[in-house]
Novice: 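Structure below; questions to follow.
Only heavy atoms go into these numbers, but all of them, side chains included; no hydrogens, no water, no symmetry mates. Residue numbers begin at 1 in each chain, while the letters A, B, ... track the order of the sequences. Keep in mind it's a predicted model, so treat the numbers as computed, not measured.
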Amino acid sequence: MPGITREEVAHLARLARLELKGEELDHFATQLDDIIGAVARVSEVADQDVPPTSHPLPLTNVMRPDEVRPSLSPEAALSGAPAQEQQRFKVPQILGEE
Amino acid sequence: MTTELIKLTAAEIAEKIAAGEVTAVEVTEAHLARIEAVDEKVHAFLHVDREGALKQARAVDEKRARGEKLGPLAGVPLALKDIFTTEGIPTTVGSKILEGWIPPYDATLTKRLKDADVVILGKTNMDEFAMGSSTENSAYGPTGNPWDLTKIPGGSGGGSSAALAAYEAPLAIGTDTGGSIRQPAAVTGTVGVKPTYGAVSRYGMVAFSSSLDQGGPCARTVLDAALLHEVIAGHDPLDSTSIDAPVPPVVEAARNGSVAGMRVGVVKQFRGEGYQAGVLQRFDESVELLRELGAEIVEVDCPSFDLALAAYYLIAPSECSSNLARFDGLRYGLRAGDDGTRSAEDVTALTREAGFGPEVKRRVMLGTYALSSGYYDAYYGSAQKVRTLITRDFEKAFEQVDVMVSPTTPTTAFAIGERADDPMAMYLADLCTIPTNLAGNAAMSLPCGLAPEDGLPVGLQIIAPAMKDERLYKVGAAVEAAFTARWGHPLLEEAPAL
């Protein structure tokens with residue numbers, strides 16, 4: 001198993017949308033490397049003919065009748081929003097200038 | 001009067017309220033006064049809902065005055081882990097990212113408690129997003145263990161267990177993803193139950209690792225836990241992982257504790273290096289007690305349990321990296337860096353950087369890594385195979401025995417700060433509890449004495465097959481009665497006064 005580098009941590013942080021500071025990158029690189037080293041033992045079973053279990057229960061979609069029923073009011077649904085405008089979530093710019 | 005009321009069990013409180021010997025308001029006020037007196041030291045609560053609790057208590061007293069029949073826990077105060085949404089009351093999950101968020105709806109569990117007239121005192125402290133084994137990862141500061149305030153009360157539900165041990169509430173709710181109900185119960189000398197996966201609705205419970213998370217009861221006695229179990233368990237159409245089957249007869253089992261003729265398995269893998277001598281000593285005495293009470297003791301071999309911790313620390317972070325993607329600063333909670341010049345992507349990254357603590361960041365990145373292209377099969381895929389092997393080990397063991405037992409934790413409560421910089425050392429606290437979460441079956445922790453070397457509580461873990469939760473209560477009640485008779489009082493009475 002490969003070790004985990006500072007650059008890899010920076011890449012992971014970008015993928016995970018975490019704006020990590022420089023010292024955090026060093027700190028996490030060491031810790032993640034230790035953890036990955038310890039948990040890599042699971043691959044000892046990788047060659048075995050064992051089916052994976054993703055969930056303890058067999059999951060099926062639960063459907064309900066398509067009926068009109070009460071829901072949260074727009075005010076209640078937006079009550080925890082950091083910013084709102086015209087009964088909508090106000091979000092930062094998503095598309096670039098170009 | 002106040003001291004007497006806070007020392008009562010939930011069953012006793014409910015009986016006294018129903019008989020008119022005491023009012024729900026008096027009981028609630030006694031507990032609010034206790035919180036006022038000791039919680040500055042313990043820090044079990046993040047939010048105390050004084051007005052709401054008294055309003056619920058008044059409603060119970062009015063109901064009784066009208067001659068209406070009261071439920072088995074009507075008027076009994078409860079401390080609710082801050083992971084369940086509560087309409088109109090803050091829910092933070094121990095995180096800065098949800099600081100000040102007031103949910104517009106109740107979790108199913110919250111609603112069931114209210115419908116049963118249980119009085120919700122407030123929200124308890126926890127490791128951020130339930131990630132941790134010590135309640136040190138709370139963004140709002142750690143909780144102290146009432147047995148020794150310099151020690152951890154376990155995690156992630158340390159606030160709930162500390163509230164019980166400090167007599168701030170007779171009942172509490174926890175959630176158990178890798179041991180977060182049982183491990184705090186063990187180190188605080190209280191009772192904690194992880195019901196079968198799917199037995200208690202997850203609707204409105206902030207998700208950490210969806211295939212492992214399970215809400216459950218925390219109490220000071222086995223019977224109290226059973227009474228609470230019956231209130232919160234049962235099918236919920238709002239949760240697609242909720243089991244549509246009758247709740248096992250847990251209260252009946254708790255009232256008829258017995259191990260006579262039962263086969264009890266001792267897990268071979270749960271001892272050895274890393275286990276405190278005093279923990280093993282108390283555990284061995286518990287096994288001897290079970291034998292004296294008429295159980296047949298059988299050693300069971302579960303070789304895959306040795307890989308459980310490793311599998312857990314791949315599966316749980318993988319699911320958390322996905323579940324926590326919703327905390328993007330756009331819809332609720334904190335938003336950082338939105339000065340009109342930054343894109344949504346940058347604002348999300350700055351918000352998550354400001355809102356998440358180190359353990360959450362560590363697990364989000366670990367999960368992102370384990371799920372990334374090229375590593376998926378080696379890490380996440382292999383962990384899922386281990387999960388299959390662990391389930392098979394349980395199935396094989398339960399062909400030979402009715403329940404299995406082990407120490408709940410390898411050590412007693414450690415000092416606050418002792419393992420803070422060593423994640424792997426911290427993760428070891430959940431060594432004995434994790435296999436049950438991976439397989440989805442049921443387990444309980446109850447006190448089995450104090451470790452001679454430090455005088456701190458030791459927990460005995462009982463494990464039952466899925467949907468056989470009543471066996472936990474049957475065995476737990478028998479063990480509890482025998483230990484209480486031997487000690488001459490409940491273990492918690494040996495805790496120093498706060």
Novice: Determine, for A:E24 against B:K361, whether the closest basic-nitrogen to carboxylate-oxygen distance falls under 4.0 angstrom.
Specialist: yes

Novice: Can you measure from OG (B:S321) to CZ (A:R17) and round to the nearest 0.5 angstrom?
Specialist: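 Those atoms lie 13.0 Å apart.
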
Novice: Heavy-atom cut-off 4.5 Å, strictly under: side chain, backbone, both or neither for B:D306 against chain A?
Specialist: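 It is both, since atoms from each part get that close.
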
Novice: For each of A:T60, A:I35, A:L78, tally heavy-atom pairs with chain B at distances under 4.5 Å, and name the one with the top tally.
Specialist: A:I35

Novice: Roughly how far apart are A:L18 CG and B:T368 OG1, rounded to 0.5 Å?
Specialist: 7.5 Å

Novice: Should the heavy atoms of other residues, nucleotides or ligands under 6.0 Å from NZ of B:K96 be counted, would the total exceed 12?
Specialist: yes

Novice: Could you have a look at A:P51, A:S73, A:A13 and say which one has the most heavy-atom pairs with chain B under 4.5 angstrom?
Specialist: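 Most heavy-atom pairs within the cutoff with chain B belong to A:P51.
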
Novice: Could you look at B:S210 and say if it's the side chain, the backbone, both or neither that has a heavy atom under 4.5 Å from chain A?
Specialist: backbone

Novice: For B:P237, which atoms come within 4.5 Å of any heavy atom of chain A: side chain, backbone, both, or neither?
Specialist: backbone

Novice: Measure A:S54 against the heavy atoms of chain B and call it side chain, backbone, both or neither at under 4.5 Å.
Specialist: both

Novice: To the nearest 0.5 Å, how far apart are OH in B:Y379 and OG in A:S43?
Specialist: 7.5 Å

Novice: Take B:E353 and A:K21 through the side-chain contact (heavy atoms from CB on, under 4.5 Å) test and state the conclusion after the steps.
Specialist: CA-CA 9 Å; B:E353 168 63 13; A:K21 298 179 195 81; 3.0 Å; yes

Novice: Rounded to the nearest 0.5 Å, what's the gap from CG on A:N61 to OG on B:S240? Could you check?
Specialist: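 One finds 7.5 Å between CG of A:N61 and OG of B:S240.
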
Novice: Among the options A:G80, A:P56, A:P82, pick out the one with the most heavy-atom pairs lying under 4.5 Å from chain B.
Specialist: A:P82

Novice: Between B:M365 and A:L20, is a side-chain contact (heavy atoms from CB on, under 4.5 Å) present by the stated rule, with each step listed?
Specialist: CA-CA 11 Å; B:M365 285 194 293; A:L20 294 188; 3.7 Å; yes

Novice: Do side-chain atoms of B:T388 reach the backbone of A:T53 as a donor and acceptor pair under 3.5 angstrom?
Specialist: yes

Novice: Checking heavy atoms, do the side chain of B:Y312, its backbone, both or neither come under 4.5 Å from chain A?
Specialist: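 Contact with chain A: none, neither part.
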
Novice: Kindly compute the distance separating CZ (B:R352) from CD (A:E19), expressed to the nearest 0.5 Å.
Specialist: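 Separation between the atoms: 12.0 Å.
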
Novice: B:R362 versus chain A, heavy atoms under 4.5 Å apart: side chain, backbone, both or neither?
Specialist: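 B:R362 touches chain A through backbone and side-chain heavy atoms alike.
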
Novice: Would you call A:P92 and B:E345 a side-chain contact if the rule is heavy atoms closer than 4.5 Å?
Specialist: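 A side-chain contact is absent here, since even the closest heavy-atom pair is not under 4.5 Å.
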
Novice: Quick check for you: among B:A439, B:P358, B:P103, which has the greatest number of heavy-atom pairs under 4.5 Å with chain A?
Specialist: B:P358

Novice: For A:L12, is it the side chain, the backbone, both or neither that has a heavy atom under 4.5 Å from a heavy atom of chain B?
Specialist: both

Novice: Only pairs of heavy atoms separated by less than 4.5 Å count here; which of B:A354, B:P423, B:G381, B:A383 has the most with chain A?
Specialist: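 Heavy-atom pairs under 4.5 Å are most numerous for B:P423.
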
Novice: Does the pair A:H55 and B:T241 meet the rule for a side-chain contact (heavy atoms from CB on, under 4.5 Å), with working shown?
Specialist: CA-CA 10 Å; A:H55 202 274; B:T241 61; 3.8 Å; yes

Novice: Could you tell me which of B:D328, B:V364, B:L366, B:D346 has the largest number of non-hydrogen atom pairs under 4.5 Å with chain A?
Specialist: B:L366

Novice: What part of B:V386 gets within 4.5 angstrom of chain A, counting heavy atoms only: side chain, backbone, both, or neither?
Specialist: both

Novice: Where does B:L330 contact chain A at under 4.5 Å (heavy atoms): side chain, backbone, both or neither?
Specialist: both

Novice: Which bit of B:E319 is near chain A, if near means a heavy-atom gap under 4.5 Å: side chain, backbone, both or neither?
Specialist: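 When you check distances to chain A, only side chain atoms of B:E319 fall under 4.5 Å.
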
Novice: Counting only heavy atoms closer than 4.5 Å, note whether B:A311 contacts chain A via side chain, backbone, both or neither.
Specialist: both

Novice: Please determine, among B:G440, B:S211, B:A349, B:G198, the option with the most heavy-atom pairs under 4.5 Å with chain A.
Specialist: B:A349

Novice: Where is the tightest heavy-atom contact between B:A378 and A:V42, given as atom of each residue plus distance?
Specialist: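 Of all heavy-atom pairs spanning B:A378 and A:V42, the closest is O-CG2, 3.9 Å.
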
Novice: Got a second to check how far B:Y369's OH is from A:I36's CD1, nearest 0.5 Å?
Specialist: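 Here the interatomic distance stands at 5.0 Å.
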
Novice: What residue in B:L389, B:L334, B:D421 has the most heavy-atom pairs under 4.5 Å with chain A?
Specialist: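 Heavy-atom pairs under 4.5 Å are most numerous for B:L389.
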
Novice: Is B:I315 in contact with chain A via its backbone, its side chain, both, or neither, using a 4.5 Å heavy-atom distance?
Specialist: neither

